[in-house]
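Encoded as structure tokens, the structure appears first; notes follow it.
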Amino acid sequence: MDVLMRELFATDIGLLTLFTIGFIVVMAAWLFFFVRKNVARDEAAHANDEPKLRT
């Protein structure tokens, strides 16, 4: 386990791997909150719409 941690934190490829994983996590969180905010805004905008009936 010590060799793996040293490889992960001390080599260039290990640090690149950590950066990539961190970037993916941050991007997923941002996308989740962005979509959630826009869905809530869209639902609020359409809450007052009345369904149009054909006559």
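The figures here come from the full heavy-atom set of this structure, side chains too, leaving out hydrogens, waters and symmetry mates.
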Can you establish whether the number of heavy atoms outside Asp12 located under 6.0 Å from its atom CG is more than 12? no
With sequence neighbours left out, the residues meeting side chain to side chain donor-acceptor pair (under 3.5 Å) with Arg36 are none
Using every non-hydrogen atom in the two residues, find where Phe9 and Leu15 come nearest and quote the distance to one decimal. O-CD2, 3.6 Å
Are Phe34 and Val26 co-members of a hydrophobic cluster defined by side-chain heavy atoms under 4.5 Å apart? no
Between the CG atom in Leu8 and the CG atom in Leu18, the distance rounded to the nearest 0.5 Å is 4.0 Å
Would you please name every residue forming a ring pair (Phe, Tyr, Trp, His ring centres under 6.0 Å) with Phe19, sequence neighbours left out? none
Any side-chain heavy-atom pair of Thr11 and Arg6 under 4.5 Å: no
Please list, chain by chain and in numerical order, all residues satisfying salt bridge (charged side-chain N to carboxylate O under 4.0 Å, His left out) with Asp42, sequence neighbours excluded. none
